[in-house]
Enquirer: 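Quick one: structure below, then a few questions.
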Amino acid sequence: MTTLLQELSKKAAERWAAVLLGPGLLFVIGSVVANRQRFDHALDLDRLRAYVRALAGYKSHQEPGRLVVTAAVVLLSSALMGLVATSAGRFVEHVWMPTRPQWYVDSLTRRRVSRWERADSALTAAVTEAGRRLARDRLLGTAPPEHFPAVRRLRARRAAVSERRPDQPTWLAQRMDGAAERVRQRYSLDLAAIWPHVWAVADGQVREDVRAVRDNYAVAGRLAAWGGLYLALALATGWWPAALFALALLLTARRRARDAIDTLAVLVESTVDLYVRDVAERLGVACSEPFSAATASRINIILRPAGP
């Protein structure tokens, strides 16, 4: 037990350092540099070196007590900024897949529907034109083209918005809703209702895989939060390299969030595929092969019992 507690403490310390202290320390150093360099001297390394030498030369900074206090302030500031970014990251996760307020969700959904309809109209027009071209080439006896780049490009543009007509406020929410819809079509089960039971019977490796992907999504949220903090630093000080760094963080966060949710949706679907029959048997429902509508109906009755 002592060894286990020591290992857990070690992992907790490593996680604290990786999530809070490291990025926070980098931000604190960046804040000092930004306040010193500002806009006019953004890349003036001689000015920065002179500033560092001046700080190192102060006698008060060479006293052991003052050094300890300074180090403690820096570490506490780093940890504080890490906590701020972690909290902001959780907020970003909700922003990426919002559920309220309803007017905001509806506004985002209408915007995505409008974008999808414009892309769909352009694709339809391109497909029609391609069909006309093929018919004309056949009539003239000329060899039709093997590919239509415009059609391929417009189809990719529509798919970038959504694979189907959007009914969710964001791409991430649409992706997860797509997984729920496929589970509903395949098993006539509500994913939100069946998932806790599937999770309860899933083995350790599957749980670890899902948790790892979920952690990747949380990391993406924190990256976006750090991007926002660096952007605020750039606006407050005029130190434009911070804005470039913020842009890189935000783009990376967006890509990682999409990758994480895309993988999570696949994992959730496959986990239901693997364990839905186990859930049925644990609930006392005889599960036929293949999974039947009658089985789904009995499971739904158990999961959502009728009221009095």
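The first residue of the sequence shown is numbered 1, and numbering continues consecutively from there.
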Enquirer: Indicate, with yes or no, if Val113 and Met176 share a hydrophobic cluster defined by side-chain heavy-atom contacts under 4.5 Å among Ile, Leu, Val, Met, Phe, Trp and Tyr.
Expert: no
Enquirer: Please find the pair of heavy atoms, one from Ala242 and one from Leu233, that lie closest to each other, and give the distance.
Expert: CB-CD2, 4.5 Å
Enquirer: Determine the sole option in Gln174, Glu117, Gln168 for which the side-chain hydrogen bond (donor to acceptor under 3.5 Å, both in side chains) test with Arg112 is passed.
Expert: Gln174
Enquirer: Measure across Arg182 and Arg175 and return the closest heavy-atom pair with its distance rounded to 0.1 Å.
Expert: NH2-NH1, 2.8 Å
Enquirer: Arg47 versus Arg36: any side-chain heavy-atom pair under 4.5 Å?
Expert: yes
Enquirer: Could you tell me whether Arg186 and Asp273 make a salt bridge, using a distance below 4.0 angstrom between a side-chain N and a carboxylate O?
Expert: yes
Enquirer: Distance to the ring centre below 6.0 angstrom and angle to the axis at most 45 degrees; does that hold for Arg38 and Trp239?
Expert: no
Enquirer: So which of Arg115, Arg158, Arg157 actually passes side-chain hydrogen bond (donor to acceptor under 3.5 Å, both in side chains) with Asp120?
Expert: Arg158
Enquirer: Could you report the tightest heavy-atom contact between Thr271 and Val206, atom names first, then the distance?
Expert: OG1-CG1, 3.5 Å
Enquirer: For Leu45, what are the other residues in its hydrophobic cluster, where any two members join if their side-chain heavy atoms are less than 4.5 angstrom apart?
Expert: none
Enquirer: Taking Leu191 as the fixed residue, which of Val268, Val198, Asp177 is the one that meets the side chain to side chain contact (heavy atoms under 4.5 Å, CB included) rule?
Expert: Val268
Enquirer: Do you know the tightest heavy-atom contact between Trp96 and Ala224?
Expert: CZ2-CB, 3.9 Å
Enquirer: For Ala88 and Ala225, which heavy atoms make the closest approach, and how far apart are they?
Expert: CB-CB, 3.6 Å
Enquirer: Is Arg100 atom CZ crowded by more than 12 heavy atoms from other residues, nucleotides or ligands, each under 6.0 Å away?
Expert: no
Enquirer: Applying side chain to side chain contact (heavy atoms under 4.5 Å, CB included) between Val210 and each of Thr263, Asp215, Leu264, report the one that passes.
Expert: Leu264
Enquirer: Are Phe245 and Trp226 an aromatic pair by the rule of ring centers under 6.0 Å?
Expert: no
Enquirer: Starting at CG of Leu283, measure out to CD1 of Ile301 and round the result to the nearest 0.5 Å.
Expert: 12.0 Å
Enquirer: Thinking salt bridges, do Arg49 and Asp46 make one under a 4.0 Å N-O criterion?
Expert: yes
Enquirer: Sort out for me which residue in Leu250, Leu251, Leu249 forms a side chain to side chain contact (heavy atoms under 4.5 Å, CB included) with Leu223.
Expert: Leu249
Enquirer: Can you give me the closest heavy-atom contact between Thr295 and Ala280, atom names plus distance?
Expert: CG2-CB, 4.3 Å
Enquirer: Is a donor from one side chain sitting under 3.5 angstrom from an acceptor on the other, for Ser188 and Arg184?
Expert: no
Enquirer: Would you check, one step at a time, whether the test ring-ring contact (aromatic ring centres under 6.0 Å, His included) holds for Trp199 with Tyr275?
Expert: CA-CA 9 Å; Trp199 184 255; Tyr275 293 101; over 10 Å; no
